[in-house]
Amino acid sequence: MKYEVDELGFYGEFGGAFIPELLHPNIEELSTRYLSIIYDEAFQKEFHYLLKQYVGRPTPLYFAKRLSEKYQTQIYLKREDLCHTGAHKVNNTIGQILVAKKLGKKRIIAETGAGQHGVATATVCALMGIECIVYMGAKDVERQAPNVARMKMLGAEVRPEYSSSQSLKDATNAAMRDWINNPEDTHYIIGSVVGPHPFPDMVARFQSVISEEIIAQLEGEKPNYVIACIGGGSNAIGAFYHYMQDVEVQLIGVEAAGKGVDTKETAATLALGSPGVLHASRTVMIQDKDGQVIEPHSISAGLDYPGIGPIHAHLKETQRATYLHATDEEALQAGFELSKLEGIIPALETAHALAILPKQPFQPDDIIVFNLSGRGDKDLESYMKHL
Ligand SMILES: *Cc1c(COP(=O)(O)O)cnc(C)c1O
């Protein structure tokens, strides 16, 4: 069974590049060149140097003793929360800024919802001394003031989008328009395994360092389960990547159910969605009967996305991975629990993955790896409201 992208940019029936004619030159340049750029020896050397000395990799694989005792199983935490900027997102932005440099680009654009990807992008632009423009829905600019301040401090320009719902999808459209208008000098850094081919594959390859490290750190032992939360799906694919062909390892993605999958306030895309084209890629999305995107809801801004990376749609279709979901309330409880039992405050996104522990029957000798995608400092206000 093949789970990787094919020559046309598809994962089974999902993926592809459904782009306006005017974007063809940009996408064509990137898809013909990305693999030879990434696997060039000098590129790999610089990428791994920065991951080590700037991001702080390898991140630890920590055996969570007290959490394991509570659930009578063996739980490891892959500590992406210890990456510079506090989450896995920087693995991808480091990779893409190096690609942009190789392509001779002088200007970076990005879209962001919660602001985490905007911060990770502004960070690498500062590192390289490259101009950075981050599109953000006007509502999100207001809601995510600390991250807006971070981006500005890092030298990025934040451009609020006032059209339509003033949220992530409008920021994405604005970034696409900018890219169409500036094809020569600009690279668009997409923040997850979403968007037109080759972005999902390129982002997956950069994040795959996570599973590469897990394999080395487990020293020959094989996990029974690898579990991660899913927004667009990049931290999950990073953790799954080198296990994808080994069907003895069960892969579990956890979506945000928001207030519940039986309510309208949810972000559980694979549980409730249907095939459609979103963000220039054929995938599964939450839509009404006219094909209009339904605004998602999740307590965690990073999971508040109406679609999902096409590779996850394919992994679900082929039953290679299993997709569960957890509500806002369950995630909050899991976040409190990890904090008290292990002294680690997880991001609310990450807490969704941990929230399946009370609901899933694991065996005492099961080895379970949770990808701890980010740290919870940014979520303290939400946690405190519910303490
Ligand atoms: C952005 C984010 C996510 C969701 O994005 P994926 O692409 O699904 O990984 C998950 N966890 C944290 C901490 C994030 O910042």
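Counting starts at 1 for both ligands and their atoms, following the listed order.
Every residue two or more places apart in sequence or in another chain that forms a salt bridge (Lys or Arg N to Asp or Glu O under 4.0 Å) with Glu157 is listed here: Arg159.
A salt bridge is defined here as a Lys NZ or Arg NE, NH1 or NH2 lying under 4.0 Å from an Asp or Glu carboxylate O, and Glu342 with Lys70 fails to meet this definition. A salt bridge between Lys105 and Glu29 is present, with a side-chain N of the basic residue lying under 4.0 Å from a carboxylate O of the acidic one.
Within ligand 1, counting atoms from 1 as listed, the ones closer than 4.0 Å to a heavy atom of Ser192 are 6 (P), 7 (O). Atom numbering of ligand 1 starts at 1 in the shown order; those under 4.0 Å from a heavy atom of Gly374 are 13 (C). Annotation for ligand 1: atoms under 4.0 Å from non-hydrogen atoms of Ile230 are 8 (O).
Taking atom 4 (C) of ligand 1 as the reference point, the nearest protein heavy-atom neighbour is Gly302 O, 3.5 Å.
Under a 4.5 Å side-chain heavy-atom cut-off, the cluster of Ile, Leu, Val, Met, Phe, Trp and Tyr residues that includes Ile286 is completed by Ile294.
Among His312, Lys89, Gln116, His352, the residue whose heavy atom lies nearest to atom 15 (O) of ligand 1 is Lys89. Nearest to atom 8 (O) of ligand 1 by heavy-atom distance, out of Ala347, Gly309, Gly191, Gly233, is Gly233. Across Ser373, Ser234, Ala87, Ala236, heavy-atom proximity to atom 6 (P) of ligand 1 is greatest for Ser234.
Heavy atoms from other residues, nucleotides or ligands lying under 6.0 Å from CG of Leu67 number more than 12.
At a heavy-atom distance under 4.0 Å, only side-chain atoms of His88, from C-beta outward, approach ligand 1.
Residues Thr121 and Thr93 bring no donor and acceptor atom of their side chains to less than 3.5 Å of each other.
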